[in-house]
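Reckoned from all heavy atoms, side chains included, excluding hydrogens, waters and symmetry mates. As the structure is a computational prediction, the values presented were derived from the model and not from experiment. Below, chains carry the letters A, B, ... as their sequence lines are ordered, and counting in each starts from 1.
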Number of protein chains: 2
Amino acid sequence: MSSQGFELPLRLLLAFRMLIDELHTELARQGHPDIRPMHGFVMQAIGPAGTTAVELGRTLGVSKQAAGKTIDTLERIGYVERSTDPHDTRRRVARLTPYGEDALDRSARIFDALRARWAGELGEERLQALESDLRRMTPDNLWRLDIPGWFGTL
Amino acid sequence: MSSQGFELPLRLLLAFRMLIDELHTELARQGHPDIRPMHGFVMQAIGPAGTTAVELGRTLGVSKQAAGKTIDTLERIGYVERSTDPHDTRRRVARLTPYGEDALDRSARIFDALRARWAGELGEERLQALESDLRRMTPDNLWRLDIPGWFGTL
DNA sequence: CTATATAGTGAACCAGGTTGTCTATCATGT
DNA sequence: ACATGATAGACAACCTGGTTCACTATATAG
């Protein structure tokens, strides 16, 4: 326990976990009780134009089968819907439903509010310094997170 | 994407993930190729006095069955061993093996080295400010992380 | 000595990941 | 025009790490 370095990763994880927990507590209150942390990432990755299982898998860094299963789940709970591409009948394009869009919109607003709370607690300058330092220590491409695959084998 | 608040949780997660990935790359090189990120948390939770499945489950916030399975895994790959408590023959106390202790020792040293790299990049003062800010925004009790249970339902 | 609480185990299940195999469809080169 | 190769999706079998329910064995209290 005398190791200095132990605290940093734990605090990073704890901070992340807190933000995500608060997000989902609030989302549940605002009519999205079934959404899971991962779904937010996935819906962001689906994007406004929609996507297929293969594309989504590439974006998220998981197999197309895993991406397909995740789309199945999101479809089941009403966040995405699939339609066949008339130009290529093999493709089944998944798009956000209005309910899915609503979840993303609310997530963005809730995250903004949480950030504002941090700014209120730490001061906007310190928070910007924190964000800048994290930006410096992490890769640029926020979108190659490989989140789902990574968590699975944790 | 115009939401300011989206970046903070992502950067926190990405930073955590980087540190953990680097830890495990280095652990693999130092003779611990089979250890998983979760195992480190669990071994910390087992502690020097050893623990039982029920206790471990309570500490980690998972069911005793899940804790038991995790101990099974750690036993199989040689990080813990079980013995029966002579005072209560129901209890099977799991303790770290020397190989398990070695993994924890090396983890501590590797985390220290990673923190030193951050200090070299950001400066010790900025890093301390970052740690202090994170400490301020997260709960005190580092050990009620509920890590395994939380990741499972992510 | 009986009744209740506790430790551990096993089984059935779920989510989300993997790989391998298969079909249907598209795209291309001769 | 057609054979060939690439791609999209689906299905199956499996892994890990969680869950709940049900059960046995042991300990402890009245």
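- Going from atom CG of B:D72 over to atom P of D:dC15 covers 16 Å, rounded to whole Å.
- Judged by distance alone, the side chains of B:T138 and A:R11 do bring a donor and an acceptor atom under 3.5 Å apart.
- In this structure, CZ of A:R82 is placed 14 Å from P of D:dA8, rounded to the nearest angstrom.
- When the C1' atom of D:dC15 is taken as reference, atom CD1 of B:I77 falls 15 Å away, rounded to whole Å.
- Taking hydrophobic clusters as Ile, Leu, Val, Met, Phe, Trp and Tyr residues chained together by side-chain heavy-atom distances below 4.5 Å, B:V54 does not share a cluster with B:F41.
- If you check every strand for non-hydrogen atoms under 4.0 Å, A:A66 touches a base.
- One can place NZ of A:K69 at 13 Å from P of D:dA13, the figure rounded to the nearest angstrom.
- For A:F16 and B:F16, the ring centers are positioned 6.0 Å apart or more.
- Straight-line distance from the CZ atom of B:R76 to the C1' atom of D:dC15: 11 Å, rounded to whole Å.
- Spacing between atom CG of A:L56 and atom P of D:dT7 amounts to 18 Å, rounded to whole angstrom units.
- Atom-to-atom, CZ of A:F41 to C1' of C:dG16 comes out at 16 Å; the value is rounded to the nearest Å.
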Reading nucleotides 22-30 of chain D from the 5' end, what letters show protein touch, with B for base, S for backbone sugar-phosphate only, - for no heavy atom under 4.0 Å? B--BBS---
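- With hydrogens and angles disregarded, no donor-acceptor distance shorter than 3.5 Å links the side chain of B:T51 to the backbone of B:G47.
- Closest non-hydrogen pair, B:A94 versus B:V80, comes out as CB-CG2, 4.5 Å.
- When each of D:dG18, C:dG16, D:dG9 is scored by its nearest atom to the side-chain atoms of A:V54, the top-ranked nucleotide is D:dG9.
- Panel note: side chain B:R136, backbone A:E121; a donor-acceptor pair is recorded below 3.5 Å.
- In this structure, the nucleotide among C:dT18, C:dA7, D:dG9 sitting nearest to the side chain of A:V62 is C:dT18.
- Phosphate proximity of D:dA8 to A:R58: present, with a side-chain N or O under 4.0 Å from OP1 or OP2.
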Passes side chain to side chain donor-acceptor pair (under 3.5 Å), A:H39 versus A:D34? Steps please. CA-CA 10 Å; A:H39 297 157; A:D34 293 333; over 6 Å; no
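- Within the 4.0 Å cut-off from OP1 or OP2 of D:dG18, not a single side-chain nitrogen or oxygen of A:R36 is found.
- Between B:T52 and C:dG8 there is a side-chain polar atom (N or O) within less than 4.0 angstrom of OP1 or OP2.
- When rounded to the nearest whole Å, the span between CZ of A:R92 and P of C:dA24 equals 16 Å.
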